[in-house]
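See structure below.
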Amino acid sequence: MPLLEKIERLSLKATAKGTPEKGQVEGTEETPATNGTASAVASTNGAPPSQEAPPSYDINDSAEPAGPSPEELSAAFSNLQLSDVPGDIPSAHECLAHLKLLTAFHGLKEDIGYNDGLFGLWNARCEMVEDKESALARMREKRWALYIARAVERFEEWWVKVLCPMDNARRLQTKTMYVTNAELRDFTIQGKIMQWTTDMLPPIDVLMVWHAFMLNPRSYLEDCVRFGIVNVWTTGLPWPAVNAAIDTSFNYSVPEYAKIAFVEKTGHNWSNAEDSLNKSIACPRCSQQLEIPWTTCGLSEKPSPKELEELSGTGYGDRDLAFMCHKCGEEVNHDLLRVAKFRKDTENLIMKDWPLKGTIINPQTGAPDAPAQSEADQNPVAFPNRLVGVELRSKIIELLNPRGKTNPTMNDIKEMIEVAIKNKSIVKRVNHKSTFDSGILKRSERLSIRKMMSRYWDNSSLFALELGGAVIRQSVFVDKMVGLDWLHSPAAQQTMNRLMTKYRRFIQIIAQYPLHTAVPTLDVDLGWHTHQLSPRSYYDFTVRQCKKFIDHDDKIAEDTLEKSFEWTSKTYEKLWNEVYSECTCWYCEAIRSKHISNSGKIFGTSKHEKISNTFHTSGAAQLCPPSNSAHISSHNAVRTIEDSIRATTTERMRLARKMDLDRSYEKAQKRAKARGETLPPRDQYYYGAWGYPYMMYGPFMAYPMMGGMYYAGDPCVMPVGAGMPGNCAAGACAGAVGAGGCGGPGGCGSGGCGAGVGGCGGGGGGGGCGGGGGGGGGCGGGGGGGC
């Protein structure tokens, strides 16, 4: 029997296994929609047979061969050799353990989304809507969005009540933010590896949030420094314990002691779904204890079709939270809760000397900022602490007084900052300068304001970013990894080794071209993500290779992502004489076609043309079908919201880019025809997690999350432009700044703030990604951080 046929049979058998065993949530479950069969043929990752051919394995040819046993299907990951001490870079076994974890997350997502009646959301209500399939998909998305919002709250409790005591944590204070403080200065080198067991692991939803948090390396480092959990940061995700908790059917199971300990220490049930359907909070104005339902979407006995289509709701886990306090009579909404969080942090700055979020990490190096004590009064990174603590504290605290402004928002705080930084006398007073010194805000101080504000937009949590949105964006990557199904490939080990080779090359591109944004393919991204889950190892490696701590921004405008991916692909081909994206979809073929210069015909076949021809003539392309190959990783792609003038300019550039891609696709079609092949169609439907189709021009575009589902805003949308809601304070951006790209070496805006996109927040998260990646390692992926 031919080898490829054997592999195909293996893939079909793996697909027939179905979803992981249910049991995370009690209730009646739907049958998940089938999203297609993942072919194991692509598990070679497109390597030419002469270099990376899948190994043969001992199966006797017969008329009717028996399918592989469960043991054979799980052979690649059933006996992984993992260490508590991370290596320089991840091993193949760590990558496989990561894939196991992602598959468990995927099973959890299906368990939740298809659990009829969870959180009071019943499928029967969708019968009232004209487009029933769309309504069902939205209902499933809503269950998942609520589940994630609750998971973030549970993670916050676990962080404070379990991780911090486990590490004997001590909060950072501004008076110790000097080079003489070894705990701060040497944070990245002084931690000890902790020995984790399965008894210490949290529920899978909490583990999922922790996983997504680590995939924002600079934000995670910042919060570990703020809370003083150095050993937790040094250890990273405890792979031996996590792997031991996930069986070969991808069920997550821990000893009973772990469940009892979690319940006792956090006050939450082990199962997310068994926690209360009400959220208990104190009114930000009068401190009255309130019991707010997590969602009101299932409460109406006779909902209108519009209510069923929008599923917005007014509960705590709904985007349009509106709850009247029965004591003070004021409405509690998400805007008020975000202001309350900023006010609380201002009080902590004054009373406890705890620095504000976004004022600890040096934007150039990515390391904790520890200036000399003599320079502390003018340290630009800590400028927001001085501005808020000295000049704005009274105004901010008064925002929530009973006689304060009605319905305050973060925009009010942004306006306070705008007024203050325009006043030279205030700037001089905050920086302890004399009358004769300049009171003009420095560029580095503007950057610090943007970084600090990015931590509070759409984010009322303890952390430097809104973690629920990070989980949702990561779930797009999870779905793609599960679709590739490398775990059940007979060449899984070789695939992991090959992608780690590509990952090393990817980091080399970042180091060699610090003013560009490098965008990973899916295989490279798996290696990159796996490395970030060992923060100390990843920090040491990127600092050694790139001279700075490379960030991994999980929010980047889809236009920037697409242009940067083309540059990355061309650069990779130039350096290593191999195609970058081992995929034959229309987009990847068009990108490779763009690399081939028409003028090359005059002088013979160009280098890029030879590389493309070899990919096809070697037989490698035949192993890389469009439906199951590692092309551009776009889980972090977001759509931008812009002011009218900027939007007009962007739309013109987008149309020009589309026309350029169309021409490249036509050129690729001609080349395919000359080889006797046919390219896949350009316009096609993509399928979301719930089996509902949607149109996208290309795989680089942002996942179209159904609006109104997630309480902290659309995780796949980012505002762009100075002064836009959820963006920079006017005056904190230099020149024609996009959206708070951080600028300078290590920032996210090449040569400033990123002429295009990026963000000071846009969803509370991530700090920006624009303008070409800016100097490596800043909030936009560090000059090489596409993802």
Side-chain angles (χ1 to χ4, degrees), residues 86 98 101-102 104-105 108 147-164 166-167 169 187-188 191 194 196 200-239 242 266 272 357-358 360-361 366 454-456 458-478 525 528-539 549-555 635-636 710 712 715 761 763-767 779 781 785 787:
H98 191 188
L101 179 62
L102 297 183
F105 290 160
L108 173 67
Y147 185 87
I148 290 174
R150 290 159 62 93
V152 170
E153 299 279 332
R154 288 156 56 83
F155 172 76
E156 187 170 306
E157 294 284 338
W158 184 69
W159 175 280
V160 172
K161 297 179 180 178
V162 179
L163 287 186
C164 288
M166 181 190 302
D167 212 342
F187 185 92
T188 59
M194 304 172 71
W196 282 71
M200 301 162 66
L201 292 175
I204 190 169
D205 63 313
V206 173
L207 183 63
M208 178 176 63
V209 177
W210 193 23
H211 169 271
F213 196 2
M214 288 191 197
L215 297 182
N216 291 267
R218 289 199 178 188
S219 293
Y220 185 67
L221 172 60
E222 174 186 320
D223 283 338
C224 287
V225 172
R226 283 200 305 130
F227 284 87
I229 51 175
V230 61
N231 297 320
V232 169
W233 181 82
T234 300
T235 304
L237 202 69
W239 283 121
V242 170
T266 67
N272 179 317
K357 294 185 285 189
I360 296 168
I361 301 300
S454 77
R455 303 314 198 221
Y456 293 93
D458 289 344
N459 181 21
S460 57
S461 76
L462 287 177
F463 306 108
L465 75 160
E466 201 288 300
L467 290 174
V471 173
I472 288 173
R473 289 185 293 275
Q474 282 301 321
S475 68
V476 177
F477 179 76
V478 170
D525 218 7
W528 197 9
H529 286 197
T530 306
H531 205 180
Q532 290 165 55
L533 296 174
S534 299
R536 167 73 180 274
S537 171
Y538 178 70
Y539 179 93
F549 184 31
I550 302 300
D551 206 2
H552 171 269
D553 188 8
D554 75 346
K555 294 186 77 171
H635 68 89
N636 56 333
Y710 189 61
C779 35
C787 187

Report yes if some heavy atom in the side chain of T266 is under 4.5 Å from a heavy atom in the side chain of R154; otherwise report no. no

Smallest heavy-atom separation, I229 atom then A169 atom, equals CG2-CB, 3.7 Å

F463 and Y220 aromatic centres sub-6.0 Å: no

Is it the case that the side chain of Y456 and the backbone of K357 share a donor-acceptor pair, with hydrogens and angles ignored and the cut-off at 3.5 Å? yes

Indicate yes or no: at least one non-hydrogen side-chain atom of C224 is less than 4.5 angstrom from one of F187. yes

With W233 as reference, evaluate D167, V225, T188 under the side-chain contact (heavy atoms from CB on, under 4.5 Å) test and give the passing residue. T188

Value for CD (Q474) from CG (L102), rounded to nearest 0.5 Å, stands at 8.5 Å

Nearest heavy-atom approach of I550 to Y538 is O-OH, 2.9 Å

Determine whether L533 and L215 make a side-chain contact, defined as any pair of heavy atoms from C-beta on separated by less than 4.5 Å. yes

Does any N or O in the side chain of Q532 come within less than 3.5 Å of the main-chain N or O of W528, such that one atom is a donor and the other an acceptor? yes

Is any side-chain heavy atom of I360 closer than 4.5 Å to a side-chain heavy atom of L221? no

When rounded to the nearest 0.5 angstrom, what distance separates CG in L201 from CG in L237? 8.5 Å

For the CG atom of L467 and the CD1 atom of I148, what is their distance to the nearest 0.5 Å? 11.0 Å

Within the side chain of N231, is there an N or O that forms a donor-acceptor pair under 3.5 Å with the backbone of M194? no

Would you name the heavy atoms of D551 and P217 that are closest together and state the gap between them? OD1-CD, 3.3 Å

Are V242 and W196 close enough, and set up right, to give a side chain to side chain contact (heavy atoms under 4.5 Å, CB included), and what steps lead you there? CA-CA 9 Å; V242 170; W196 282 71; over 6 Å; no

Minimum side-chain heavy-atom gap R455-S219 below 4.5 Å: yes

Identify the heavy atoms of H211 and L101 that sit nearest to each other, and give their distance. CD2-CD2, 4.0 Å

For the atom pair CH2 (W158) and CG (D205), what is the distance rounded to the nearest 0.5 Å? 11.0 Å

Using modelled atom types only, decide if a donor and an acceptor are shared between the side chain of R150 and the backbone of N272 within a distance under 3.5 Å. yes

Please evaluate residues E157 and V206 with respect to the criterion side chain to side chain contact (heavy atoms under 4.5 Å, CB included), reporting the C-alpha separation (whole Å), side-chain torsions for both, the decisive distance (0.1 Å), and the verdict. CA-CA 10 Å; E157 294 284 338; V206 173; over 6 Å; no

I need the minimum non-hydrogen distance between A470 and N216, along with the two atoms involved. CB-ND2, 4.1 Å

Is there a side-chain contact between H531 and S537, using heavy atoms and a 4.5 Å cut-off? yes

Between H98 and W239, is a side chain to side chain contact (heavy atoms under 4.5 Å, CB included) present by the stated rule, with each step listed? CA-CA 8 Å; H98 191 188; W239 283 121; 3.7 Å; yes

Give a yes or no on whether the backbone of I472 and the side-chain of S475 come within a donor-acceptor separation of less than 3.5 Å. yes

Spacing of H529 atom NE2 and H552 atom NE2 [to the nearest 0.5 Å]: 3.0 Å

Taking atom CE of M166 and atom NZ of K161, what is their separation to the nearest 0.5 Å? 15.0 Å

Nearest heavy-atom pair of T234 and G191: which atoms, and what distance? OG1-CA, 3.2 Å

Just so I know, are the side chains of V232 and W210 near enough to count as touching, which here means a heavy-atom distance under 4.5 Å? yes

Side-chain touch F227/L163, heavy atoms, less than 4.5 angstrom: no

